[in-house]
There are 2 protein chains.
Amino acid sequence: MSIQEDLKPLFYPETVAVIGASNTPGKIGHIILKVLKSSVKKLYPVNPRENEILGLKVYNRIEDLPENISMAVITISAVHAVEAVRSCAQKGVKIAVIVSGGFGETGEKGLLLEDELRTIHKEYGIRLMGPNSLGIFLPETGLDTIFVEHGDKALSGGGGIAFITQSGSVGTEALGIASNTGYGMRAFIGLGNKVDLTETDFLEYFSRDNDTNCLAFYSESIDDGKIFLENAREVSKKKAIIILKAGRTEAGQSAVSSHTGKLAGSDNVVNGAFRQYGIQRAFDEEEICDASKTLSMLPVPRSNRVAVITAAGGYGVMCTDYIEQKDARIKLHLADFSDETNKRLKNINLPFASIHNPVDITASAGDDIYVETLDAVLKDEGVDLVICLTFFTPPAITKDLVKKISDKALEYEKPVITFAQYGPFTNKYLKEFYDRGMVGFSSVYRTVRAARFLVERNHILNIFGEENE
Amino acid sequence: MSIQEDLKPLFYPETVAVIGASNTPGKIGHIILKVLKSSVKKLYPVNPRENEILGLKVYNRIEDLPENISMAVITISAVHAVEAVRSCAQKGVKIAVIVSGGFGETGEKGLLLEDELRTIHKEYGIRLMGPNSLGIFLPETGLDTIFVEHGDKALSGGGGIAFITQSGSVGTEALGIASNTGYGMRAFIGLGNKVDLTETDFLEYFSRDNDTNCLAFYSESIDDGKIFLENAREVSKKKAIIILKAGRTEAGQSAVSSHTGKLAGSDNVVNGAFRQYGIQRAFDEEEICDASKTLSMLPVPRSNRVAVITAAGGYGVMCTDYIEQKDARIKLHLADFSDETNKRLKNINLPFASIHNPVDITASAGDDIYVETLDAVLKDEGVDLVICLTFFTPPAITKDLVKKISDKALEYEKPVITFAQYGPFTNKYLKEFYDRGMVGFSSVYRTVRAARFLVERNHILNIFGEENE
């Protein structure tokens, strides 16, 4: 059976049972049932001592459930969870999402319980996600097993990023960004302790999913590392793959060891392997979110020549510093404009503007000068990527600038990354950029860093391109 | 006359005239009058063609104004602004805040107008702030001439940071942070084109102001650089001074030159001079805000040994990487705990916790384990600074954690910096930390960077200390 078939009960379950559903608000078995109620039609709470929860008929035993349960969400404590999974398997449940903690992350006894889960999986064929997993969130249908508050889910729809994370914390960060400034998630997958389903399974699943264009992983260790890497190499020719892997210093690696109980490999080896297999690496929680948002939404630049447009001169200087500074990831360069572009910029701009890259249109320039300037630099063959630094200081610039920049940027096949800043309203503008198909950040540093990920992606595609010739 | 006396009409004006007050909402002369109305009792709009604006009696000519005007805010266009400043000077107005643009930033003609302003200042003694200035915001009294929306001003009160900025954009960023996650501003000063009042004047003013404990400057060029640096050296023995100065790469410096029309000095010289004079340097808009917030609120650590507490192991690793990575600013080190601390951490924590630094209490640990762990590391003589990585994932950790960490941290004289993350609610938790006297950030990178500024401050104080012996 293909992985697409195998995981259908996870992504598109027709019937869902919640083992450990509860009538007590605040309990995980209550939160999950409540959240699932809005997206799943055939929802069956299981609890030995209740008759009705949230208006739904309760089943007292797993054995009493109807046939053909697609997915069971297990919320009860570890020892009981293992027994429940066995009953589910016997009942023919296709997949169990084990949200419960208290397994391998708590030591020897928990590890033995994980062995039992593996045995059940092998014996019955039931697929298992977790334990210690946040489960799944699929904006397409609203399916959601995440018991951590994660904001306005409606805002998370419509994107191409598959976010596959071993740890819940990193995942909820991405969901937070989705609510605040926009983040186009295709699906959120909480892997947890990976007794069955691993990164490699979801790499395969999302590589075949047409709605996914970027895969973001947070993994503390990848058990079947070799297969994963080999598959990634193929997938990365079509879709960007980014992995957050910490532990690049000696002390960091030693922290990995004491945290996971596993010997951390040399970081140079990890870096080398990632590059070789077309994988981009992130080093922190913000970086993986920024990078995946950018890689998912923007076209890949042909090379590394960046044009900067600003209405505040000092910000142009800061941006230039970040573009031209040494960086282990990839080199960026300020673009040199053609004579034609220079002539046009001179015509468009106020006489006291600075038309050299970074172009400082000055605070006296209005929306139209901004957009004409953007058009001029986008048209220049020597420009691969444009950074627009935007401010919304009255009176020259108006709130229409977001729409005008977005419309102009989308006329071209070149990536345009925006930086937006307007005091407490920054996120509002960033969200509006996002809603118009644009990527924006609230700091100059993060804006340039995002550009670097895009140029690195081009570098990867070039290497594989040459190989294919 | 001392600078304190000289600037009294700016900080504590008894009477304020708004030249160019307008009845048209959205116009700068309307916005400023409206904002000033709530903090200034004797407020006089001046406009040749109106009788009443916002319920206030309008004066048609500057000559008609009552005697003893403390401050005039000039909002009219450049050429008229110069004439208005002359009339104000003749009327005996103490200080004019010239908000109008169209001066030196727009070329030759504007520079000549600035010369006229200098002449008026010299002839009449009227003090001038600007032109092209955002003016002043003083949370203590609510005095506010800033025409850019900057959020809930009530949130900005009560801090020790004097933020003195040549450019309005960088300043509004700080005001935005004030609204979002807290930023304790003593005063905001928009210098603009500095025909009279400069960084050096405000350095002197705030050095004598007991409510200021940190001075943050954004300057594209400091004209009286030598005096400024010499004074800074003295001030920095008592109060932290941080300057945002971009242009650290060659391309950045060349961008400075085309933006300011001035030759940018070698960046190595700038760096060297800053260090020598006890000044800390920021490189971007986020860094100056984060650094000043931290330097203003937290005690200075005795050295560079950092303890990290986390409930999510992966974040401990990321944090360790940032602590131990090479950095041009200053070295940080993961602290080694004493045997006593290790013993106590073992007693407090769950058996599967990782009690080595970074301490991973695990997601199974609740508030009390977190706070006991914090107490143990704060007590350790080998720990100079603590970073608390906080997550609010139910059920073990509750919302009370913010209060509990804050109460514990404030029992000690050591700095505790928090990182908070909880999806879309991150800012809410950061703001609560701030309201309880704590400094927190939303990314691991920024959290460690803030620690670096604190340790650098200790380094500066040590150098001056030795000199004094």
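Below, each value reflects all heavy atoms present in this structure, side chains not excepted, and no hydrogens, waters or symmetry copies. Every chain is numbered from 1 and lettered A, B, ... according to where its sequence line falls, protein lines coming before strand lines.
Looking at B/I28, only its side chain comes within 4.5 Å of chain A, counting heavy atoms on both sides. With a 4.5 Å cut-off on non-hydrogen atoms, B/V170 touches chain A through its backbone and its side chain both. With a 4.5 angstrom heavy-atom cutoff, B/E286 touches chain A only via side-chain atoms. The parts of B/S169 that come within reach of chain A are both its backbone and its side chain, each placing non-hydrogen atoms under 4.5 angstrom from that chain. Residue A/E105 touches chain B through its backbone alone, counting heavy-atom pairs closer than 4.5 Å. Within the 4.5 angstrom heavy-atom criterion, no atom of B/E250 approaches chain A. For chain B, the nearby part of A/L244 is the side chain; its heavy atoms alone come within less than 4.5 Å.
Judged purely by distance below 3.5 Å, without hydrogens or angles, the side chains of A/Y322 and A/E324 never pair a donor atom with an acceptor atom. Using modelled atom types and a 3.5 Å distance limit, the side chains of A/R248 and B/Q325 yield a donor-acceptor pair.
With chain B as the partner, the residue from A/T106, A/N132, A/N357 showing the most heavy-atom pairs under 4.5 Å is A/T106. Put simply, of A/A251, A/G110, A/G107, the one with the most heavy-atom pairs under 4.5 Å next to chain B is A/A251. With chain B as partner, the option from A/T249, A/T393, A/T320 having the largest number of non-hydrogen pairs under 4.5 angstrom is A/T249.
The aromatic ring centres of A/Y429 and A/F392 sit less than 6.0 Å apart.
B/Y315 and B/F419 have tilted rings, their planes meeting at an angle from 30° to 60° on a 0 to 90° scale. Taking the six-membered ring where the residue is Trp, B/F163 and B/Y183 present perpendicular rings, their angle passing 60° and hence far from 30°.
Between A/A396 and A/S364 the shortest heavy-atom distance is CB-O, 3.6 Å. Heavy-atom minimum distance, A/M318 versus B/A246: CG-CB, 3.7 Å.
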